[in-house]
K.L.:
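The structure under discussion is supplied below as structure tokens; questions concerning it will follow.
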Protein chains: 2
Amino acid sequence: MAKDRKKPKRQGSGRDSPTEAAERSHVMPLASGPDGPGGFGPDDRPGVIVTVDVVLLALRNGELSTLLVKRGREPHQGAWALPGTVVESGEGLVPAATRAVAGRTGVAVEPERLEQLVTFADPDRDPRARVLSVGFVAVVERATPPAGGEVASGRWWAVGDVLVEKGPTMAFDHRDILGAGVEMVAEKFERSDLASGMIEEPFTLGDLRRAYEAVWGTSLEPANFRRKILATPSFVEPTGLLRDVTTGRPAVLYRRGGGVRLHPPLARPD
Amino acid sequence: MAKDRKKPKRQGSGRDSPTEAAERSHVMPLASGPDGPGGFGPDDRPGVIVTVDVVLLALRNGELSTLLVKRGREPHQGAWALPGTVVESGEGLVPAATRAVAGRTGVAVEPERLEQLVTFADPDRDPRARVLSVGFVAVVERATPPAGGEVASGRWWAVGDVLVEKGPTMAFDHRDILGAGVEMVAEKFERSDLASGMIEEPFTLGDLRRAYEAVWGTSLEPANFRRKILATPSFVEPTGLLRDVTTGRPAVLYRRGGGVRLHPPLARPD
DNA sequence: AAAATAGTGTCTGTAAGACATTATCTA
DNA sequence: TAGATAATGTCTTACAGACACTATTTT
């Protein structure tokens, strides 16, 4: 029988009175002076700058690619950075990330596509100040070119060219954020239909398979892949249409299904 | 064939010069005045307070349990909170989380056991100021009672009693952080030997199975569980000893193996 | 016809679910 | 002895890997 999570016995001393350690568990009032050891007043408060940085992933010529921005200013001038922005006061993280992407590509990423990834806050990651970065990842179905004109310092890179010994210099810890984003997406591909968000509708099962192959860096057996996808209810829906081809048998076109959890997961080779 | 991630073609305009949007992708110098639209000077800089909050998980009487702290001050006075602390200037997130736990339990959680979970930064989550919280989760093998004396406002709770309609009032968004922590641990149990970090050495396979059952809230077939664990190299190592029992056949005692990735995962029922 | 890509069928091995049976202890 | 828990064995089913084969198009 399973435990069903009820009735803990009370334990511990049971004292509920305020203590210094209890108060340190959350912030002190801001406008008052020091309030016991560990408190902080208005002048020594550790104000931190919060940024968001977005790993945007799309397929470009069949390759997993990400949008990077060349920095025009120190620190890390000339290095490549993830699109990001400072979070404004009163602004949530997801809106800030949406804004950062929109400023880059002119494309509005739906908030639901932004997945929070990891937060980096090493004290020395920015030499100017304490800067905390919340990383996001978003899979998009088209590698929209960066908005033209004056904001043209962005460029899509093949991920495999970036995450490599002799890859381009990346700003801050953005290489780590990118690596974490790619790995997170690779893992989500195993259990969800996220891959279908990386290709344009309508798509063939070959398109879908190639998205998996690009993200996982492996090849998949087409027949077995097809069997798994079609055996999963509402992963994809047939449109009844066929793709025009220049060679070979025309493939059936599908659109995304209602969203799905893969049980058991689609196994990643290796 | 798999894509092997090479040679993107350059695209986009290729301009690398600084632009407003490029600069907004990271922070402005702090000590200078406003530096174009979107920049910020020393007075309007959005200083954010950063805290860490830790979901500590252990078994207590066979139930998945977590340590909560009763708040002695507004906001949310009297509500239960995760142990946490403000991150000090120059301090990393993991040291801060370690410190928060040590202040609660007197136990030093090894940094490797602290897994970053999710960051909450809703602008309204704390009425006093913009406070960002980075959630951590740590699995420990003993529900060490809170340090006694003056820091005795902490208490272990059965998770099932907390994450329930009529559970205790929780401060801020700590209920969400707790829920995310439990779910993350449940998922890690499928693919890793994390469960063995939740029980004291030496342990029996029954102990290990009950850890899974407590975290997953299900029951597992003992014979099949045993087969899976023992078929996985270096998940556990036999000690050669037997457990003293009051009833039933004595069970073989094991210690943790070298750490492992489960392929395929240990399937969670449902 | 040849080349190319899409799609089907089938065999096999691995591993999980279910559950019966045996082993070893205490009361 | 009964009762309890640990450990083994075995049957069956689900599903993934491998791969042969068929289908439909362009050149």
Side-chain angles (χ1 to χ4, degrees), chain A residues 1-3 62 189-191 195 199 202-213 216 218-233 235-255 260-270, chain B residues 1-3 62 189-191 195 199 202-213 216 218-233 235-255 260-270:
Chain A
M1 273 299 290
K3 306 295 172 201
F189 269 37
E190 297 180 44
R191 303 166 164 276
I199 50 182
F203 51 83
T204 69
L205 293 180
D207 296 335
L208 185 62
R209 178 173 48 81
R210 282 182 285 273
Y212 272 91
E213 290 174 337
W216 285 352
T218 61
S219 60
L220 298 174
E221 223 291 305
N224 298 335
F225 178 80
R226 159 187 305 276
R227 180 177 55 196
K228 176 73 175 179
I229 299 300
L230 295 183
T232 304
F235 195 127
V236 296
E237 294 179 349
T239 62
L241 303 176
L242 297 179
R243 165 153 300 172
D244 275 3
V245 291
T246 56
T247 177
R249 174 175 170 174
V252 173
L253 287 167
Y254 295 85
R255 56 176 156 261
V260 101
R261 298 284 298 172
L262 263 46
H263 281 310
L266 180 46
R268 171 156 46 151
D270 273 354
Chain B
M1 274 293 292
K3 304 296 171 205
F189 269 37
E190 297 181 43
R191 318 175 85 99
I199 50 183
F203 51 83
T204 69
L205 293 179
D207 295 335
L208 185 62
R209 178 173 47 80
R210 283 181 285 272
Y212 272 91
E213 291 174 338
W216 285 352
T218 60
S219 60
L220 297 174
E221 223 293 303
N224 299 334
F225 179 81
R226 159 187 307 276
R227 180 176 57 194
K228 175 72 175 180
I229 299 300
L230 296 181
T232 304
F235 194 128
V236 296
E237 295 179 349
T239 63
L241 303 176
L242 297 179
R243 164 153 303 172
D244 276 2
V245 290
T246 56
T247 178
R249 174 174 170 175
V252 175
L253 288 166
Y254 295 84
R255 56 176 154 261
V260 101
R261 298 284 298 172
L262 263 45
H263 282 309
L266 181 47
R268 174 159 40 154
D270 273 351

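Residue numbering restarts at 1 for every chain, and letters A, B, ... go by the order of the sequence lines.
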K.L.:
Would you mind telling me which of D:dT5, C:dG7, D:dT10 lies closest to the side-chain atoms of B:R227?
P.N.:
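Closest nucleotide to the B:R227 side chain: D:dT10.
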
K.L.:
Applying side-chain contact (heavy atoms from CB on, under 4.5 Å) to B:F225 and B:L266, what does each step give before you reach the verdict?
P.N.:
CA-CA 9 Å; B:F225 179 81; B:L266 181 47; 3.9 Å; yes

K.L.:
Using a cut-off of less than 4.0 Å, is there contact between a side-chain N or O of A:K228 and OP1 or OP2 of D:dA16?
P.N.:
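Looking at the OP1 and OP2 atoms of D:dA16, one of them is under 4.0 Å from a side-chain N or O of A:K228.
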
K.L.:
Given that B:T247 and A:V245 both sit by DNA chain D, which one's nearest nucleotide is further toward the 5' end?
P.N.:
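Comparing both residues, the 5'-ward one is B:T247.
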
K.L.:
Of the nucleotides D:dT24, D:dA18, D:dA16, which one has an atom closest to the side chain of A:E221?
P.N.:
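For the A:E221 side chain, the nearest candidate turns out to be D:dA18.
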
K.L.:
Quick one: which of D:dA16, D:dT24, D:dA6 gets closest to the side chain of A:P250?
P.N.:
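The nucleotide sitting nearest to the side chain is D:dT24.
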
K.L.:
B:A231 near the nucleic acid: base, sugar-phosphate alone, or nothing, with a heavy-atom cut-off under 4.0 Å?
P.N.:
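Counting heavy atoms under 4.0 Å across all strands, no contact is made by B:A231.
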
K.L.:
Indicate yes or no: does A:E190 engage B:R191 in a salt bridge with an N to O separation below 4.0 Å.
P.N.:
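Looking at B:R191 together with A:E190, the answer is yes, because their closest N to O distance falls below 4.0 Å.
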
K.L.:
What is the distance from CZ of A:R226 to C1' of D:dA23, rounded to the nearest Å?
P.N.:
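Computing the A:R226:CZ to D:dA23:C1' distance gives 12 Å.
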
K.L.:
Between C1' on C:dC25 and CG on B:L242, what's the gap in Å once rounded to a whole number?
P.N.:
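Between C1' of C:dC25 and CG of B:L242: 11 Å.
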
K.L.:
Closest approach to the side chain of B:P264, judged atom by atom: which nucleotide of C:dG9, C:dA16, D:dA18 is it?
P.N.:
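Nearest to the side chain of B:P264 among the choices is C:dA16.
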
K.L.:
Roughly how many Å is it from CG in B:D244 to P in C:dT26, rounded to a whole number?
P.N.:
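Taking CG of B:D244 and P of C:dT26, I get 9 Å after rounding.
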
K.L.:
Can you check whether A:R249 has a side-chain N or O nearer than 4.0 Å to OP1 or OP2 of D:dA23?
P.N.:
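Result: no.
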
K.L.:
Please confirm whether any donor atom in the side chain of B:N224 sits under 3.5 Å from an acceptor in the base of C:dA18, or the reverse.
P.N.:
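Looking at the base of C:dA18, it does pair with a donor or acceptor on the side chain of B:N224 (distance under 3.5 Å).
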
K.L.:
From the options D:dA6, C:dA6, C:dG17, select the nucleotide whose nearest atom is closest to the side chain of B:A251.
P.N.:
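So the side chain of B:A251 is nearest to D:dA6.
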
K.L.:
Would you check, one step at a time, whether the test side-chain contact (heavy atoms from CB on, under 4.5 Å) holds for A:R226 with A:L220?
P.N.:
CA-CA 10 Å; A:R226 159 187 305 276; A:L220 298 174; over 6 Å; no

